[in-house]
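Chain identifiers are assigned alphabetically (A, B, ...) following the order of the sequence lines, protein sequences preceding nucleic acid strands; residue numbering begins at 1 within each chain.
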Amino acid sequence: EPEVTQTPSHQVTQMGQEVILRCVPISNHLYFYWYRQILGQKVEFLVSFYNNEISEKSEIFDDQFSVERPDGSNFTLKIRSTKLEDSAMYFCASSGGRGHSYEQYFGPGTRLTVT
Amino acid sequence: AQRVTQPEKLLSVFKGAPVELKCNYSYSGSPELFWYVQYSRQRLQLLLRHISRESIKGFTADLNKGETSFHLKKPFAQEEDSAMYYCALSSNTDKLIFGTGTRLQVFP
């Protein structure tokens, strides 16, 4: 069964550094998402992406964040200058269509630790 | 404001006991409600959604618009049901709004 994959599984970085989190969505999916979960808190929506542009973004997704689909398979989340509070589990998800009848399939997550 | 509330962080039951994981939501329109499950060391996966009105792994959930609730129920818990359960709401866009989750522990 096809799955969303994410790399790396764990990323440690110093405050102020740039990080890129990578995701490979399910191959025939068209809608892509990033969520994050700070330890002990809820899973929060960051951004949705379709047709090479952002569909929706949350208040969390400020100018420090960007997303890109650099080729036909990868979907990346970049944090330009990491802060301590960016430490979290970042989940990528993809779906085959828009609307509630389409399930969002989640990746295993990347744990980002900012020191 | 759109919000999902799961009041219990932890629910512990013995095998064979009934289970009810509570979920309340706040949303002004017509929401779509989901339950996601995360087993140990596994990814988040959809358990069920209210529009399909189906039972998955013995779990059911009924949307009660009057009480703005979408509680997850199972009449007889199994040890393999031990996991983290997240209630989620989808608004008129695709984004999912999650609750804080309830950890279900089923003891033998």
Side-chain angles (χ1 to χ4, degrees), chain A residues 1-7 9-10 23-26 29-51 53-61 67 88-111, chain B residues 1-10 21-27 29-54 56-57 61 63 65 70 83-103:
Chain A
E1 187 176 335
E3 291 184 329
V4 176
T5 59
Q6 290 184 245
T7 53
S9 57
H10 191 189
C23 168
V24 179
I26 293 173
H29 284 186
L30 300 174
Y31 295 82
F32 314 115
Y33 311 85
W34 283 102
Y35 294 83
R36 80 170 185 191
Q37 185 177 30
I38 295 171
L39 187 64
Q41 298 186 24
K42 62 179 68 178
V43 176
E44 301 173 290
F45 169 81
L46 290 178
V47 65
S48 58
F49 190 86
Y50 167 69
N51 201 25
E53 58 183 33
I54 290 173
S55 305
E56 185 177 2
K57 60 183 181 180
S58 72
E59 293 174 355
I60 303 166
F61 195 89
V67 288
M89 196 77 169
Y90 288 80
F91 295 104
C92 174
S94 70
S95 71
R98 196 165 184 212
H100 308 303
S101 58
Y102 291 95
E103 178 179 346
Q104 290 185 26
Y105 291 83
F106 282 79
T110 292
R111 180 170 300 285
Chain B
Q2 302 164 1
R3 181 179 295 170
V4 175
T5 303
Q6 293 180 252
E8 302 141 329
K9 284 191 173 180
L10 174 65
L21 300 168
K22 291 185 166 48
C23 172
N24 288 89
Y25 66 90
S26 171
Y27 181 64
S30 292
E32 299 292 335
L33 274 297
F34 306 84
W35 277 98
Y36 278 79
V37 60
Q38 189 172 28
Y39 299 102
S40 180
R41 302 183 192 285
Q42 294 188 28
R43 62 191 66 203
L44 267 170
Q45 54 187 282
L46 180 66
L47 180 62
L48 54 80
R49 66 189 97 187
H50 94 268
I51 56 171
S52 57
R53 304 182 69 82
E54 58 192 344
I56 304 291
K57 299 184 179 182
L63 180 62
K65 291 186 178 180
F70 188 58
M84 198 73 184
Y85 290 82
Y86 294 94
C87 183
L89 175 157
S90 178
S91 63
N92 57 349
T93 65
D94 294 340
K95 72 178 182 186
L96 292 169
I97 298 163
F98 286 88
T100 48
T102 298
R103 180 168 300 284

Measure A:Tyr31 against the heavy atoms of chain B and call it side chain, backbone, both or neither at under 4.5 Å.
->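 Answer is side chain: those atoms of A:Tyr31 sit under 4.5 Å from chain B.
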Under 4.5 Å from any heavy atom of chain B - which part of A:Val4 =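 The answer is both parts of A:Val4.
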Are the side chain of B:Arg43 and the backbone N or O of A:Glu3 linked by a donor-acceptor pair below 3.5 Å?
->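 No; judged by distance alone, with no hydrogens or angles, the pair does not exist.
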Measuring from B:Arg49:CZ to A:Tyr102:OH, what's the distance to the nearest 0.5 Å?
->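 That separation rounds to 11.0 Å.
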Please report the C-alpha distance between A:Tyr33 and B:Asp94 in whole Å, then the side-chain angles of each, then the deciding distance to 0.1 Å, and finally whether the side chain to side chain donor-acceptor pair (under 3.5 Å) criterion is met.
-> CA-CA 9 Å; A:Tyr33 311 85; B:Asp94 294 340; 3.2 Å; yes
Locate the shortest heavy-atom distance separating B:Leu96 from A:Tyr35; write the atom from each residue and the value.
->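 So the two residues come closest at N-OH, 3.1 Å.
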Per-pair distances, 0.1 Å, donor-acceptor, side chain in residues 37-46 of chain A, under 3.5 Å, sequence neighbours excluded:
from    : atom 1 : to      : atom 2 : distance (Å)
A:Gln37 : NE2    : A:Gln41 : O      : 3.1
A:Gln37 : NE2    : B:Tyr86 : OH     : 3.1
A:Glu44 : OE1    : A:Arg36 : NE     : 3.4

All side-chain contact (heavy atoms from CB on, under 4.5 Å) counterparts of A:Leu30, not counting sequence neighbours =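 Result, side-chain contact (heavy atoms from CB on, under 4.5 Å) vs A:Leu30: A:Tyr50.
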